[in-house]
Amino acid sequence: MRTQVCIIGGGPSGLLLSQLLHRKGIDTVVLERRSRDYVLSRIRAGVLEWGTVELLREAGVGARMDREGFPHEGTYLALQNRGFRVDFKATTGKQVMVYGQTEVTADLYAARDAMDGVVIDEAEGVTPHALDSDAPFVTWHKDGTEHRIDCDFVIGCDGFHGISRPSIPNSVLREFERVYPFGWLGILSETPPVDDELIYANHPRGFALCSMRNENLSRYYIQCDVNDSLDAWSDRAFWDELKRRIPGEAAERLVTGPSIEKSIAPLRSFVAEPMRWGRLLLCGDAAHIVPPTGAKGLNLAASDVHYAYHALARHYLDGDGEGLERYSEQALSRVWKAIRFSWWFTTLMHRFPDQTEFEQRIQEAELEALEASTAAQTVMAENYVGLPY
Ligand code: FAD
Ligand code: DHB
C-alpha cells in the first residue's frame, strides 16, 4: 500500500486532519488501534473554541454542530458560595460552543465514510519506520496478517500513550511535565443542566464544575483524590458533595438523577519538544496534555491540526516546504500559552493538599481581583475563547 500522509490514531485530531487533507485532494490513511465503537463511546471534552468551530465547518462537518450545539457567551466563576460572571462576548466579542467531543468524533467518522476515506480500525502493533529518511513507512497487524504502507509523511495523532512520540530519539526529545496532586471525578446524567452557562467553583472542600451537553444531559465534575475508587463514590455521595461546593442558589436548583457514566481522570501538564522530527509530525495529546480546567485539550489538538493541515497543503499544492519547517515552532508557541492558562486556572481553582492559609487567601484575593476588573476578565476570556491561530 502507498499513501501520501499516513495518520496514526483515529481520535479527533487524526480524523479531522484526514478530512481536511482529503478535501484538498491529498491522500491519507488513518490507522486506529481500537474498534470504532470504542472510540465513539469515549466521553471527554465538551467546550469548543470558536477557532475549532470554524475549522470543523471548513472540514465540512459543521452542520449538526451548528444545529445542535449551544453557543455560550460567558461563564460563572464561584468563590465559596457566591458567583460572578465573566462575559466573553462583551470583553472579547467572541464566544464558545458547547458540543461534545463524542459528537465531533461521530460527525468526523460519518464524513470520512461519506468520502470513502480509509480508516483502518483494530490495527495492532502499529510501528513507524525510517522517519528520518525520505521514504518512511508504517507496519501493523490486522486479522493475523502483517501490513505495510509507504508514505511521504507520518502524523502522530495517537494520544498520550501512543507510539509516535517515543519514536523520536531520546537525544532529540525533551519532555516537560507537572503532575497535580488530585483528580477529577466526572459524571454524566440525563438531567437538565443546573444553569444555562458553566459554573467553575472554588471551594474549601475542593473544586467543582457544572457543565452540560444539551437540555437534558448534564456533565458535572468534582475534585477528588486521584487514588479514590469509583466504588467509594455512589451517585448520592457525588451529588451531596457537588451541592456543598457550588453556590447555594445553584445547589437548590440542581436536579439530580442516576449517573450514566462515571470516571476519575488524573490532571497533568505535559509538553514534548520538538513536535516534528524528520518526516514525523505530532498533533494533539501525542505531544501535550493540559489539565482539563480550561477546556483546552481538544482545542489544542484542533490548532495543531490547523498548522499541520496548512503546512502539508502548502507542501503538496504549492511545492513550498516552509510551513513544514516552521510547524513545530508555530504549534509550540500556541501550546505553551494554553499550557500556561490551564496551569493558572487549575492553580487558582483547586485545593492543594499542602495549601497554606496564605496561599488560600491569595486565591481568594485573585478571584476578587478578577471579579472587580474588566481588564483581568478580558485576559481570562481571551484565553478561554481561544488565542488566535
Ligand atoms: P485522542 O483522543 O487520545 O486520540 C488518539 C487515538 O489514537 C485514540 O483513538 C487511540 O485509540 C489511538 N491510538 C493510541 N495509540 C495508538 C497506536 N499505537 N496505534 C494506533 N492508534 C493508536 N479535554 C477537554 O478539553 N475537556 C475535558 O473534559 C476532557 N476530558 C478528558 C477526559 C479524559 C479521560 C481524557 C483522556 C482526556 C480528556 N480531555 C478533555 C482531553 C481531550 O479529550 C483530548 O485532548 C483529545 O481527545 C485529544 O485528541 P487526540 O485526537 O489528539 O487524542
Ligand atoms: C467540560 C470539561 C472541561 O474540562 C471544562 O473546562 C469545561 C467543560 C465538559 O466536559 O463539559
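Every value quoted in this text rests on a predicted model; they were computed, and no experiment measured them. Both ligands and their constituent atoms are indexed starting at 1 by order of listing.
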For atom 34 (C) of ligand 1, closest protein heavy-atom neighbour = Ala265 CB, 4.3 Å
Assess whether side chain to side chain donor-acceptor pair (under 3.5 Å) is satisfied between Arg334 and Ser303, documenting all intermediate values.
-> CA-CA 8 Å; Arg334 194 173 186 282; Ser303 66; 3.0 Å; yes
Numbering as shown, the atoms of ligand 1 that approach Ile8 to under 4.0 Å (heavy-atom distance) = 19 (N), 20 (C)
In the protein, what heavy atom is nearest to atom 8 (C) of ligand 1, and what distance, to one decimal place, separates them?
-> Arg42 NH2, 3.3 Å
Counting heavy atoms only, which part of Cys157 comes closer than 4.0 Å to ligand 1: side chain, backbone, both or neither?
-> backbone
Is it true that Arg82 and Glu371 make a salt bridge, defined as a side-chain N closer than 4.0 Å to a carboxylate O?
-> yes
Below 4.0 angstrom from a heavy atom of Thr293, which ligand 2 atoms are there? Numbered from 1 as shown, please.
-> 6 (O)
Under 4.0 Å from a heavy atom of Ala295: give me the atoms of ligand 2 that qualify, with their elements.
-> 5 (C), 6 (O), 7 (C)
What residue among Gln223, Arg351, Arg245 forms side-chain hydrogen bond (donor to acceptor under 3.5 Å, both in side chains) with Asn202?
-> Arg351
Run the numbers for me: atoms of ligand 1, each under 4.0 Å from some heavy atom of Ser13, listed by number.
-> 50 (P), 51 (O), 52 (O)
The option among Glu32, Glu49, Glu122 carrying the non-hydrogen atom nearest to atom 12 (C) of ligand 1 is Glu32
Can you list the ligand 1 atoms lying under 4.0 Å from a non-hydrogen atom of Ala45?
-> 23 (N), 24 (C), 25 (O), 26 (N), 27 (C), 28 (O), 29 (C), 40 (C)
Contact region, Phe345 to ligand 2, non-hydrogen atoms below 4.0 Å, reads neither
Going by the order shown, which atoms of ligand 1 are within less than 4.0 Å of some heavy atom of Leu31?
-> 20 (C), 21 (N)
Working to the nearest 0.5 Å, report the span between OG of Ser211 and NE2 of His72.
-> 7.5 Å
Would you give the length of the straight line joining atom SG of Cys157 to atom CD1 of Ile155, rounded to the nearest 0.5 angstrom?
-> 6.5 Å
With a cut-off of 4.0 Å, which atoms of ligand 1 are near a heavy atom of Lys296?
-> 25 (O)
Is ligand 1 under 4.0 Å from a heavy atom in the side chain of Asp285, in the backbone, in both, or in neither?
-> both
Can you tell me if Tyr221 has a non-hydrogen atom under 4.0 Å from ligand 1?
-> yes
Taking atom OG of Ser263 and atom CZ of Arg44, what is their separation to the nearest 0.5 Å?
-> 10.0 Å
CG-OG1 distance between Leu15 and Thr105, expressed to the nearest 0.5 angstrom = 7.0 Å
protein heavy-atom neighbour closest to atom 18 (N) of ligand 1 works out as Ile163 CG2, 3.7 Å
Per-atom filter on ligand 2: closer than 4.0 angstrom to a heavy atom of Leu198 are 7 (C), 8 (C)
Parallel, tilted or perpendicular: which describes the rings of Phe153 and His315, with under 30° parallel and over 60° perpendicular?
-> perpendicular
Strictly under 6.0 Å, is that where the ring centroids of Tyr200 and Tyr76 end up?
-> no
Does the side chain of Glu364 reach to within under 4.5 Å of the side chain of Arg361, using non-hydrogen atoms?
-> yes
Proximal atoms of ligand 2 relative to Tyr221 (non-hydrogen, under 4.0 Å) | 1 (C), 2 (C), 9 (C), 10 (O)
Taking only non-hydrogen atoms of Gly284 and a 4.0 Å limit, the atoms of ligand 1 in range are 52 (O)
Between Leu209 and ligand 2, is there a nitrogen or oxygen pair with a distance under 3.5 Å?
-> no
Atom indices of ligand 2, in the order listed, that fall short of 4.0 Å to a heavy atom of Arg219 = 10 (O)
Proximity to ligand 2 by part of Arg213, non-hydrogen separation under 4.0 Å | side chain
For ligand 1, which atoms have a heavy atom of Ala295 less than 4.0 angstrom away?
-> 25 (O)
Out of Ser342, Gly9, Gly11, Ser211, indicate the one that has the non-hydrogen atom closest to atom 4 (O) of ligand 1.
-> Gly11
Which atoms of ligand 2 sit under 4.0 Å from any heavy atom of Val47?
-> 7 (C), 8 (C)
Nearest neighbour in protein (non-hydrogen) for atom 3 (O) of ligand 1 = Arg44 NH1, 3.2 Å
Got the closest protein heavy atom to atom 49 (O) of ligand 1, with its distance?
-> Pro12 CG, 3.5 Å
Please determine if Glu73 and Lys94 form a salt bridge, counting it only when a charged side-chain N lies under 4.0 Å from a carboxylate O.
-> no
Less than 3.5 Å between some nitrogen or oxygen of Ala45 and one of ligand 2, yes or no?
-> no
The reported gap from OG in Ser167 to CH2 in Trp277 (rounded to nearest 0.5 angstrom) is 8.5 Å
Can you check whether Trp184 and Tyr220 have ring centres sitting under 6.0 Å from each other?
-> no
Can you tell me how far the CG atom of Leu131 sits from the CD1 atom of Ile168, to the nearest 0.5 Å?
-> 8.5 Å
Of all the atoms in ligand 2, which lie at a distance below 4.0 Å from a heavy atom belonging to Arg44?
-> 10 (O)
Atoms in ligand 2 flagged as close to Pro292, the criterion being non-hydrogen separation under 4.0 Å | 3 (C), 4 (O), 5 (C), 6 (O)
Does the gap between the ring centers of Phe182 and Phe352 come in under 6.0 Å?
-> yes
List the closest protein heavy-atom neighbour of atom 42 (C) of ligand 1: residue, atom name, distance to the nearest 0.1 Å.
-> Gln101 OE1, 3.6 Å
Arg34 neighbourhood, listing ligand 1 atoms whose heavy-atom distance to it stays under 4.0 Å | 11 (O)
Partner of Phe270 under ring-ring contact (aromatic ring centres under 6.0 Å, His included), chosen from Tyr180, Trp343, Phe160, Trp336 | Phe160
Give the residue and atom name of whichever protein heavy atom lies nearest to atom 14 (C) of ligand 1, and the separation in Å to one decimal.
-> Asp158 O, 3.0 Å
Partner of Tyr384 by side chain to side chain contact (heavy atoms under 4.5 Å, CB included), out of Thr91, Thr92, Leu198, Val379 = Leu198
Work out whether the distance between some heavy atom of Arg219 and some atom of ligand 1 is less than 4.0 Å.
-> no
Ion pair present between Asp121 and Arg33, side-chain N to carboxylate O less than 4.0 angstrom?
-> no
Compute the minimum heavy-atom distance from Ala123 to ligand 1 and say whether it is under 4.0 Å.
-> no
Indicate yes or no: does Asp240 engage Arg236 in a salt bridge with an N to O separation below 4.0 Å.
-> yes
What protein heavy atom sits nearest atom 6 (O) of ligand 2, and how far away is it?
-> Tyr200 OH, 2.7 Å
Flag Arg33 as yes when one of its N or O atoms lies below 3.5 Å from any N or O atom of ligand 1, and as no otherwise.
-> yes
For His22 and Arg112, what are the C-alpha separation, side-chain angles and deciding distance, and is it a side chain to side chain donor-acceptor pair (under 3.5 Å)?
-> CA-CA 9 Å; His22 197 158; Arg112 294 286 53 227; 2.8 Å; yes
